[in-house]
Amino acid sequence: MSLSKISSLTKKNLGKKISVAGWVENIRDHGGVIFIDLREGNEILQVVVEPQNKEIFKVAESIRDEFVISVSGEIKERPKGTINKKMITGEIELDSSNLSILSRSKPMPFQLDEYVKVGEETRLKYRYLDLRRSEMQETIRIRSNISNEIRQFLTSNDFLDIETPMMTKATPEGARDFVIPSRVNQGSFYALPQSPQLFKQLLMISGFGKYFQIVRCFRDEDTRKDRQPEFTQIDIESSFTSAEEIMNLGENLIKEVFKKVLNIDLKDFPVMTYSESIKKFGSDKPDLRNPLELIDVKDIFSDSEFKVFGDPAKDAKSRLVALKISNSLARSQIDDYTKFVGNYGAKGLAYIKVNDANDLKEGLQSPILKFLSENEIESLSNKLNISSGDTVFFGAGHKKIVNESMGALREKLGEDLKLIDKEKWAPLWIKDFPVFEEAEDGSLSPSHHPFTRTSDNLEMLEKNPAMAIADAYDLVLNGYEIGGGSMRIHNSEEQRKVLSILGISEEAAEEKFGFFLEALDYGCPPHGGIAFGLDRLAMLICNKDSIRDVIAFPKTQSAYCLMTDAPSNISDDELKELAIRSTIQTKD
RNA sequence: GGACCGGUAGUUCAGUUCUGGUUAGAACGCCGCCCUGUCACGGCGGAGGUCGCGGGUUCGAGCCCCGUCCGGUCCGCCA
């Protein structure tokens with residue numbers, strides 16, 4: 001008799017003889033009758049063992065949680081009053097006539113029930129058991145559905161799935177590479193790809209007009225809840241296209257995934273420029289579910305006696321913003337927020353508590369009031385439209401620090417004050433990024449990557465690179481960057497120029513990118529593309545706080561696998577074969 | 001590299017500071033016995049601890065001090 005799937009069993013099977021197999025979710029031994037909840041995937045079927053069949057009954061008495069068993073018998077309707085509405089199979093049960101233990105199990109190192117919370121450390125050590133829990137079964141299934149829908153969508157839009165090497169060449173700049181030593185070419189190293197960027201551009205040169213790949217990428221940088229050393233990108237590239245076309249494609253792709261996986265119709269995604277986003281939110285990946293906005297108040301304080309505000313108000317490289325909330329906070333809370341913005345380099349956090357908005361003389365409370373003129377207070381009151389009970393925070397200083405600290409404060413206040421509607425989806429496009437980011441020492445680094453085309457002309461790029469705008473775009477969802485892309489440079493002259501602006505010498509460019517620069521000279525079509533972070537997308541769709549929860553076997557914050565104990569030492573023989581010597585003394 | 005939070009039974013936690021003191025508790029799980037309609041079954045009984053690790057202070061440390069390891073959140077980092 002072949003095995004039936006538990007999920008397929010319904011009242012239609014009443015009276016039928018069937019066999020099932022699975023894990024023992026739970027046993028209720030009443031002495032005279034034994035109930036076994038048998039689990040297969042996420043589905044559970046109640047098996048009844050009656051004492052009449054002495055042999056089976058004896059076996060059943062020895063069964064423990066998570067044994068793997070097979071049972072055959074007849075599907076019966078449950079007696080009246082014993083129907084369990086919480087179970088999909090709650091109206092039926094399997095009256096066992098045969099039962100065998102296929103595999104025993106030691107007691108679990110932690111309980112798999114949904115009712116018991118388990119720490120992540122334990123879960124990761126026994127990840128294969130953690131994955132048995134219905135919650136994990138569900139998320140892994142959803143993730144599979146997501147990638148399946150993506151494949152279908154892209155394939156039906158004529159995109160070709162093409163694999164690119166995992167063993168490739170180390171690239172300068174950017175993230176640190178994971179490196180693979182070569183035995184055949186001793187002393188030389190491959191690198192794992194940070195992304196298939198150059199290969200997908202080469203595929204455009206090869207004439208594959210539409211490429212995609214769901215592909216693992218590797219970056220040897222510190223992790224976060226939304227960053228793992230290895231992660232998965234939905235990598236897309238297209239020839240003879242435009243930013244509008246790629247954004248349109250990406251938007252339809254995400255809409256399709258939400259429709260098919262969650263049955264949610266996303267409205268058209270708003271588009272915002274980078275500079276507007278920074279101005280309003282201090283961030284290039286704002287969570288639009290958060291209603292708070294930064295308000296520039298430079299104009300009010302341009303002649304201020306109060307240096308903390310007056311100086312930045314006069315300085316082009318500085319910013320002065322207010323952030324208003326409709327809550328009155330305790331002193332200790334304000335102190336906490338002051339500490340919080342300190343993490344981002346802010347020297348302090350000025351604030352005004354509005355006790356009575358109708359009395360600008362006595363109704364305000366703040367250590368900085370005595371430095372502010374009546375005019376300034378009145379202008380502030382008008383511009384911010386303050387009401388009694390409000391608190392206003394101020395950020396003043398270098399643009400970067402104000403944006404980062406006040407942007408982070410906006411997010412934190414949004415969370416703490418529960419201003420964010422967690423049921424909502426807030427996608428948006430950010431475009432018109434600068435081509436380069438300027439470091440404090442004036443040096444430039446790519447804000448996207450060095451193959452991004454500017455939407456300005458080349459002259460502008462050379463004369464004033466820090467002001468040049470890139471033909472690039474990011475997709476942001478609920479405050480997470482879930483995708484980003486650009487139109488690419490498609491001639492070697494422009495590509496060489498950008499590399500030189502980045503401070504990469506001609507020799508270095510030749511050594512690292514020579515093959516690519518040469519390829520650009522053999523008829524390169526204009527092209528561009530985008531890449532989405534599958535892990536982040538799945539995390540958001542599954543309503544999880546960390547991408548670890550949507551990765552079957554993730555690593556810890558220190559890039560360690562608690563289950564396999566990777567990374568680990570290799571033998572001296574292996575090292576010798578690879579011509580490598582460690583500079584670390586091995587522990588005793 | 002840095003800041004902060006955590007590490008006590010198999011698991012989840014209480015106990016920990018201001019205030020160190022005899023035998024470190026609970027719940028769930030586990031083991032044994034009982035139980036014929038439960039479904040997070042129930043009842044009775046039992047076992048289970050290097051308080052992450054190392055050092056120090058003290059008559060005495062889970063608790064105080066120093067160091068260290070592990071997990072998490074964040075800064076730096078992430079073209």
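Just so it is clear: chains get the letters A, B, ... in the order the sequence lines come, proteins before strands, and each one is counted from 1. Atoms considered below: every heavy atom in the structure, side chains included; atoms not considered: hydrogens, waters and symmetry mates.
Ionic pairing of A/Glu462 and A/Lys497 is present here: one or more N-O contacts between side-chain nitrogen and carboxylate oxygen are shorter than 4.0 angstrom. A salt bridge does not link A/Arg224 with A/Asp226: none of the charged nitrogens is closer than 4.0 Å to a carboxylate oxygen. A salt bridge is defined here as a Lys NZ or Arg NE, NH1 or NH2 lying under 4.0 Å from an Asp or Glu carboxylate O, and A/Lys339 with A/Asp335 fails to meet this definition. Electrostatic pairing of A/Lys200 and A/Asp235 counts as a salt bridge here, judged by a charged N lying under 4.0 Å from a carboxylate O.
One cannot find a donor-acceptor pair under 3.5 Å joining the base of B/C35 and the side-chain atoms of A/Arg28. Between the side chain of A/Arg219 and the base of B/C77 there is no donor-acceptor pair of N/O atoms closer than 3.5 Å. For B/G76, its base sits under 3.5 Å from the side chain of A/Arg224 at one donor and acceptor pair at least. Taking only distance into account, the side chain of A/Asn343 never meets the base of B/C75 through a donor-acceptor pair shorter than 3.5 Å. Between the base of B/A79 and the side chain of A/Thr452 there is no donor-acceptor pair shorter than 3.5 Å. You'll find a donor-acceptor pair under 3.5 Å spanning the side chain of A/Asp222 and the base of B/G76, going by distance alone.
Between the CD atom of A/Gln233 and the P atom of B/A79 there is a distance of 10 Å, given to the nearest Å. Atom pair A/Phe178:CZ and B/C77:C1' shows a separation of 13 Å (rounding to whole Å applied). Rounded to an integer number of Å, the gap from A/Lys412 NZ to B/C4 C1' is 12 Å. Following rounding to the nearest Å, A/Leu38 (CG) and B/C39 (P) show an atom-to-atom distance of 19 Å. Between A/Asp113 atom CG and B/C28 atom C1' the separation is 8 Å, expressed in whole Å. The interatomic distance linking A/Glu93 (CD) with B/U36 (P) rounds to 17 Å, in whole Å. Distance, A/His30 NE2 to B/G43 P: 12 Å, rounded to whole Å. A straight line from NZ of A/Lys125 to C1' of B/G52 spans 14 Å, rounded to a whole angstrom.
The base-pairing partner of B/U11, taking Watson-Crick or G-U wobble contacts with both distances under 3.5 Å, is B/A27. Look at B/C33: its Watson-Crick or wobble partner, with both distances under 3.5 angstrom, is B/G43. Nucleotide B/C4 forms a pair with B/G72, judged by Watson-Crick or G-U wobble geometry with both contacts under 3.5 Å. Using the Watson-Crick or G-U wobble rule with both distances under 3.5 Å, B/C18 pairs with nothing in any strand shown.
Judged purely by atom type and a 3.5 angstrom limit, A/Asp113 has no side-chain atom pairing as donor or acceptor with the backbone of A/Tyr115.
In summary, of the residues considered (A/Lys85, A/Lys11, A/Arg78), a side-chain hydrogen bond (donor to acceptor under 3.5 Å, both in side chains) with A/Glu91 occurs for A/Lys11 alone. Here the rule is side-chain hydrogen bond (donor to acceptor under 3.5 Å, both in side chains) with A/Arg548, and of A/Gln228, A/Gln557, A/Glu120 only A/Glu120 fits it.
Between A/Tyr126 and A/Tyr128, the angle of the ring planes goes over 60°, which puts this pair in the perpendicular group of the 30/60° scheme.
Proximity of A/Gln557 to the phosphate of B/U73: a side-chain N or O atom is located under 4.0 Å from OP1 or OP2. Distances shorter than 4.0 Å separate some side-chain N or O of A/Lys86 from OP1 or OP2 on B/A40. Close to B/C39, at under 4.0 Å from its OP1 or OP2, lies no side-chain N or O of A/Arg39.
Residue-level contact check: A/Asp29 touches the bases, meaning some heavy atom is under 4.0 Å from a base atom. Here A/Arg548 lies in heavy-atom contact (under 4.0 Å) with sugar-phosphate atoms only. Note on A/Ser558: only backbone sugar-phosphate atoms sit closer than 4.0 angstrom, heavy atoms only; bases stay farther off. Note on A/Tyr344: only backbone sugar-phosphate atoms sit closer than 4.0 angstrom, heavy atoms only; bases stay farther off. Base engagement by A/Glu50 is indicated by at least one non-hydrogen atom pair under 4.0 Å involving a base atom. Using a 4.0 Å heavy-atom cutoff across all strands shown, A/Arg64 reaches sugar-phosphate atoms only and no base atom. Within 4.0 Å of A/Thr556, counting heavy atoms only, lie sugar-phosphate atoms of the nucleic acid but no base atom.
Two residues, A/Asp65 and A/Arg227, neighbour RNA chain B, and the one matched to the more 5' nucleotide by heavy-atom proximity is A/Asp65. In terms of position on RNA chain B, the residue among A/Gly31 and A/Tyr560 whose nearest nucleotide sits closer to the 5' end is A/Gly31.
B/G7 sits 7 Å from B/A14 when the P atoms are compared, rounded to a whole Å. The P atoms of B/C5 and B/C77 are separated by 24 Å, rounded to the nearest whole Å. The C1' atoms of B/G49 and B/A9 are separated by 5 Å, rounded to the nearest whole Å. For the C1' atoms, the distance linking B/U36 with B/C30 amounts to 25 Å, nearest Å. Remark: the separation of the P atoms in B/G6 and B/G25 is 24 Å, to the nearest Å. With both ends at atom P, the span from B/U8 to B/G46 equals 26 Å, rounded to whole Å. Of the P atoms belonging to B/C69 and B/A40, the separation is 46 Å, rounded to the nearest Å. With both ends at atom C1', the span from B/U38 to B/C70 equals 42 Å, rounded to whole Å.
Of all heavy-atom pairs spanning A/Gln495 and A/Pro450, the tightest one is NE2-O, 2.8 Å.
Nearest to the side chain of A/Glu221, among B/C77, B/A79, B/G37, sits B/C77. Listed nucleotides B/G37, B/C70, B/A79 differ in distance to A/Glu121; the shortest reach to its side chain belongs to B/C70.
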**Asked** Can you give one letter per nucleotide of nucleotides 7-12 of chain B, going 5' to 3': B for a protein heavy atom under 4.0 Å from the base, S for sugar-phosphate only, - for none?
**Response** ---BSS

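Under the side chain to side chain contact (heavy atoms under 4.5 Å, CB included) criterion, A/Glu135 pairs with A/Arg133, A/Lys544, sequence neighbours left out.
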Using atom types as modelled, flag every donor-acceptor pair under 3.5 Å from a side chain in residues 34-44 of chain A to any protein atom, sequence neighbours excluded.
{"from": "A/Asp37", "atom 1": "OD1", "to": "A/Arg28", "atom 2": "NH2", "distance (Å)": "3.0"}
{"from": "A/Asp37", "atom 1": "OD2", "to": "A/Arg28", "atom 2": "NH1", "distance (Å)": "2.9"}
{"from": "A/Arg39", "atom 1": "NH1", "to": "A/Glu25", "atom 2": "OE1", "distance (Å)": "2.7"}
{"from": "A/Arg39", "atom 1": "NH1", "to": "A/Glu66", "atom 2": "OE2", "distance (Å)": "3.0"}
{"from": "A/Arg39", "atom 1": "NH2", "to": "A/Glu66", "atom 2": "OE1", "distance (Å)": "3.0"}
{"from": "A/Glu40", "atom 1": "OE1", "to": "A/Ile6", "atom 2": "N", "distance (Å)": "2.7"}
{"from": "A/Asn42", "atom 1": "ND2", "to": "A/Glu138", "atom 2": "OE1", "distance (Å)": "3.2"}

